[in-house]
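So the structure is just underneath, and the comments pick up after that.
Model, not experiment: these values are computed from the prediction.
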Amino acid sequence: MLTLLLYVLIVGLVAAVLFLLASAVFGRAEELGPLPEGTTATVLPAEGISGTDVRGLRFQQVVRGYKASEVDWALDKLAARIDELQHQLTEAQAARWQTPVAPEPK
């Protein structure tokens, strides 16, 4: 029985030493503090959104998946840009069809 107790104590001591050594080598796993309310780490340019920007989007993951407010923000921004581009396209097409044809010289 004394031998078993000695083995348990030695294993515990070795585990504690390894834990302390790993903590010293790899740090204490400190995490960054939470972002202030109403801010996001998700970034999109104010103008000129491209496919590369969309592909580069990364959302903060929370316990139950992505942070819904960040996903909603990105989708709203993309939807607004798409609407803007569609409006510009409509205007350009309308201007193209309404361009008066110059009369042929006589």
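Shown here are the side chain to side chain donor-acceptor pair (under 3.5 Å) partners of E91, two or more places apart in sequence or in another chain: H87.
Taking Ile, Leu, Val, Met, Phe, Trp and Tyr as hydrophobic and joining them when side-chain heavy atoms fall under 4.5 Å apart, one finds L89 isolated, its cluster having no other members.
In this structure, L9 is not a member of the same hydrophobic cluster as L13, with clusters built from ILVMFWY side-chain heavy atoms closer than 4.5 Å. Connection of V11 to F19 is not established within any shared hydrophobic cluster, with ILVMFWY side chains joined at heavy-atom distances below 4.5 Å, either directly or through further cluster members.
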